[in-house]
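Okay, structure first, notes after.
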Amino acid sequence: MKTRSILLLCFFVTATLCWQFPKKQIQSYADTVAALRCVTADKKQINDTLNNVQKFVDLNVFLDILQDPPSPFQGLKVDLKAELKALHNKVFHNDFDFQSALTKLFTDLKDPHSSYVKPSCYHAFAFVLPYGIQSFLSNNHQSFRVAELPPEWQFVTYQHREKNPGFIRNSELMGKTIVKINGQDPAHFLREWANKHVYLSKNEGARLNRALLGDWFLRTMRMHQIPETDHVVYTIQKTLTTTEDVTMPFYGVTDQNIYQCSDIESLCPADYKKIRKSNDETHLDRFLQDMRPHVNVQQATGTGSLVHRVHHGKHMDLSIYQTGKVAVLSIPQFMGGDAYFDELVHVMEVAAKEKMVNLILDLRSNPGGDVCLGFKTIEYIFGLGNVFPVTGDYDVRQSDFAKALLPQLSDEERRYTWLSRNVFQGDSWYAPGVKRQFASVGNNSKTTHLYSKRHTICNVDIHKLNKGKPCPFIPNAQHAMVLTDGLCGSTCACVAKRLQGRFAKVVGVGGIYNTPLDSGCAAGGAVYDSETIYSLPPKLSWMLPQERAKPLKAIPKAFPRNTNFRFPFMEIYPFDWEQRKDKIPLEFKSNPVDWTIPYWPAPNEVNALEHIVPKASEYFATTKCRPWEVLPAQSCDSKTPNAHGGHPCNPEGTGYDTSKCAIFNCQDKFYLNEHGKCVGRPSPSVFYTIVFIIMMIIMAVPLFAAFVAVIASAVALVRKPKQTEFSTGDF
């Protein structure tokens, strides 16, 4: 009844100000664009939004290096502050176009840690093509074919066919090779489109993978732009000798009922309120939500398939490929705390009981998560301190804003010196700081800026994991592999890049044929967002009023509409000694995979592992090796001090040179230093340990005194005679 009333009102007043957008009902491209652009631009709101972003961008640790990025990332060169200033002077006729322009400024950085998320009212909208697309290899050439949409979006296909009864039949369309898209070679067209519109990686092969996993045919308005045209044209190979042009229209879809512009405005009113979505939602939850693809790439089926699942848990899956004695551990994200780690211990016990020899860590499209949990995973699986230092080292860009918020942003993490693991006292890791020099955009001048000292977090101790019990299934480098599609992001990228080149082969899946993928994306470091900053005031109640004033004053007023700005607060540096020499952060380092499997899962595929794992397992059996590989050999132990030795890979990569010995890994309590020798691990300074203990005692004394006082008061009340309770008289 409400719907009919609204539609009648629209009919009598104006059809341009309201629409019939029932949930999950396809609408025309034109109507969807009109709906998105119905909210009028407000100059004050635009300026307030830009002013906020300009303040938050000071917390972006890459602000300076982006003015002169190292090779091969020069195309990302940008002066963010200058670009934000230019947006102040641009005229926008509607709110959506302004929000899109601001979103695009940050998506062009190809770093999901640095992003501006449009107001929530636009998240309800998506543009969808009626069919998906899949890449495949044909005669050593990367080709493309028509595929089904993911199951939860197939209603678009059904409704499209209902609206267009004369559309080409499914039997004549599904699986057909696409020879052109809009008149261009499809490989070139999709590659260029992904380079322009996919923002999750600096590697173009990873961007193409993400396009094929949904970004090309399913564009949510949370981060994407409106498609440039209302349709695309696929030229399909109908028979061996004939082709046919098929027009694929873009449809608008919403995930809730929207009938008029006021419905959109009500979802993100311009009231400058700091809207909390959920008390238990964190900046990591929001980041992972934006990183996840529309397709579950890590699915496997039960018994009966070549690669069958033997454990399906909340935090990970374990599948078995008996032919190659391969355990496949699929980890969709590094989240879950102790429950995650308990499940990890369990699945490794299952793998050991199944008598598996090889381990594949399936980290395809894993968006990241808790970096400490990622490093704990490495330390547990690869055993007894073989990986040292397991964590990376970080720094932070200094600013007045960061200094004011520092105690609140960093209170969750204790900071350590990188190798010796000495605890930094107070903010001594941050101030007085270290000067770094950068080039400026548009001229040859140099600028300097202060950064914190290098430090690390996550003091992982292998002897405390699982009560000191070692992993029952510890593979060496010849029996360990990481699967990535280049979209192993953030924490996941740190895990893959830490293992690569020493502890496991990294094998890419898909991408651009004959072009190497990067092992991961967005390895930059710790991410925070404006929602995190706005959630701080209630957490400051323990501070004295005069102490609380400074951080409260630093926090900008809320965005005019409910939006979110994300920024990398800390940057991490490479793990590899050679890559560390130029002092460039890991975000701007390429780590090509060791090998690539030319396979691209379909959007609706149930068990891609069935196709990927047998191909990946061939690398376990091959005599080929990577330059860094060493084959364990006891005969070399005596020739490699403080280490377990082995035979190195020969220069041709065709096998191991049994006439030579090299370090396989260091013995416990030793680590491989920058000179390629196993030396004793530095221990925390006795001085720092004593200072830390004294600080703990100083803090504990008043707390203990307060506790004793509370107990004494309680005892006194209990012993008080009952009649004295009413000594003041009758009630």
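As the structure is a prediction and not an experimental result, all values here were calculated from the model.
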Evaluate side-chain contact (heavy atoms from CB on, under 4.5 Å) for Ser100 paired with Lys118, printing each intermediate quantity in order. CA-CA 7 Å; Ser100 292; Lys118 297 188 192 84; 3.3 Å; yes
Before you tell me yes or no, could you show the steps for Thr49 and Asn52 under side chain to side chain donor-acceptor pair (under 3.5 Å), namely the whole-Å CA-CA distance, both residues' side-chain angles and the distance that decides it to 0.1 Å? CA-CA 5 Å; Thr49 299; Asn52 270 14; over 6 Å; no
Take Asp485 and Arg210 through the salt bridge (Lys or Arg N to Asp or Glu O under 4.0 Å) test and state the conclusion after the steps. CA-CA 9 Å; Asp485 52 6; Arg210 179 67 181 215; over 6 Å; no
For side-chain contact (heavy atoms from CB on, under 4.5 Å), just list the numbers for His283 and Arg286, CA-CA rounded to whole Å, side-chain angles, deciding distance to a tenth of an Å, and then say yes or no. CA-CA 5 Å; His283 57 281; Arg286 293 184 287 271; 3.8 Å; yes
Does Arg364 form a salt bridge (Lys or Arg N to Asp or Glu O under 4.0 Å) with Asp362? I'd like the steps, not just the answer. CA-CA 6 Å; Arg364 291 172 301 131; Asp362 180 11; 2.9 Å; yes
Kindly determine whether Val117 and His123 satisfy side-chain contact (heavy atoms from CB on, under 4.5 Å), including the steps that lead there. CA-CA 9 Å; Val117 182; His123 303 178; 3.6 Å; yes
I would like to know whether Lys589 and Asp576 meet side-chain contact (heavy atoms from CB on, under 4.5 Å); could you show each step before the answer? CA-CA 11 Å; Lys589 291 287 186 181; Asp576 179 80; over 6 Å; no
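If you check the side chains of Asp263 and Ser266, you find no donor sitting under 3.5 Å from an acceptor. Between the side chains of Gln142 and Ser135, at least one donor N or O lies within less than 3.5 Å of an accepting N or O. At a cut-off of 3.5 Å, with distance as the only test, a side-chain donor of Glu204 or Asn195 sits close to an acceptor on the other residue. Side-chain polar atoms of His224 and Arg219 form no donor-acceptor pair below 3.5 angstrom. Glu571 and His113 form no side-chain donor-acceptor contact under 3.5 Å, judged by distance and modelled atom types alone.
Between Ser399 and Tyr430, the closest heavy-atom pair is N-OH, 3.4 Å. A pairwise comparison of heavy atoms in Ala206 and Leu517 identifies N-CD2, 3.3 Å as the closest pair. Shown here for Pro585 and Pro574, the closest heavy-atom pair between the two residues is C-CD, 4.2 Å. For Gly511 against Trp600, the heavy-atom pair with the smallest separation is O-NE1, 2.9 Å. Of all the heavy atoms in Gln45 and Pro560, the pair that sits closest is O-CG, 3.4 Å. The minimum heavy-atom distance between Thr491 and Gly369, with the atom names listed, is OG1-O, 2.8 Å.
In this structure, Tyr199 OH and Lys104 NZ are separated by 14.5 Å, a value rounded to the nearest 0.5 Å. With rounding to the nearest 0.5 Å, the separation of CZ in Arg222 from OG in Ser120 is 9.0 Å.
Checked against a 6.0 Å centroid threshold, the rings of Phe106 and Phe565 count as neighbours. Checked against a 6.0 Å centroid threshold, the rings of Trp216 and Phe189 count as neighbours.
A donor-acceptor pair under 3.5 Å is formed between the side chain of Thr484 and the backbone N or O of Ser519. Judged purely by atom type and a 3.5 angstrom limit, Arg454 has no side-chain atom pairing as donor or acceptor with the backbone of Asp393. Side-chain atoms of Ser590 never come within 3.5 Å of backbone atoms of Pro592 as a donor-acceptor pair (strictly under, hydrogens ignored). Between the side chain of Asp97 and the main chain of Phe92, no donor-acceptor pair closer than 3.5 Å is present. The main-chain N or O of Thr103 is never found under 3.5 Å from a side-chain atom of Gln225 such that the two would form a donor-acceptor pair. Although no hydrogens or angles enter the test, the distance criterion places no donor-acceptor pair under 3.5 Å between the side chain of Asp58 and the main chain of Lys55.
Using a 4.5 Å heavy-atom cutoff, the side chains of Cys38 and Asn94 are not in contact. Side chains of Ile226 and Arg37 form a contact here, defined as non-hydrogen atoms less than 4.5 Å apart. Residues Ile457 and Thr391 have side chains not in contact (no heavy-atom distance under 4.5 Å, counting atoms from C-beta outward). With contacts defined as side-chain heavy-atom distances shorter than 4.5 Å, the pair Val434/Asp395 does not qualify. At least one side-chain heavy atom of Tyr534 sits under 4.5 Å from a side-chain heavy atom of Phe559. Side-chain contact between Lys77 and Asp68: present, with at least one pair of heavy atoms (C-beta onward) separated by less than 4.5 Å. Side-chain contact between Asp427 and Lys403 is absent, with no heavy-atom pair separated by less than 4.5 Å. No side-chain heavy atom of His315 sits less than 4.5 Å from a side-chain heavy atom of Leu373.
Of the residues Asp529, Asp290, Thr532, Asn60, the one that meets the side chain to side chain donor-acceptor pair (under 3.5 Å) test with Arg566 is Asp290.
Using cut-offs of 30° and 60° for the angle between ring planes, the Phe56 and Phe567 rings count as parallel. Ring geometry for Phe438 versus Tyr451: interplanar angle of 30 to 60°, hence tilted. Between Tyr122 and Phe96, the ring planes are perpendicular. Angles over 60° get that label, and only those under 30° would be called parallel. Using a 30° and 60° split on the angle between ring planes, Tyr528 and Phe569 fall in the perpendicular class, above 60°. Below 30°, between 30° and 60°, or above 60°: for Tyr29 and Phe127 the angle between ring planes is between 30° and 60°, a tilted geometry.
Under 4.0 Å is where a charged nitrogen must lie from a carboxylate oxygen, and between Asp215 and Arg207 no such pair does.
Under the side-chain contact (heavy atoms from CB on, under 4.5 Å) criterion, Gln437 pairs with Lys446, Thr448, not counting sequence neighbours. Residues passing the disulfide (SG to SG under 2.5 Å) test with Cys521, sequence neighbours excluded: none.
The environment of NZ in Lys43 is crowded: more than 12 heavy-atom neighbours from other residues, nucleotides or ligands sit within 6.0 Å. Residue Asp400 qualifies as open at atom CG: its count of foreign heavy atoms under 6.0 Å is 12 or below.
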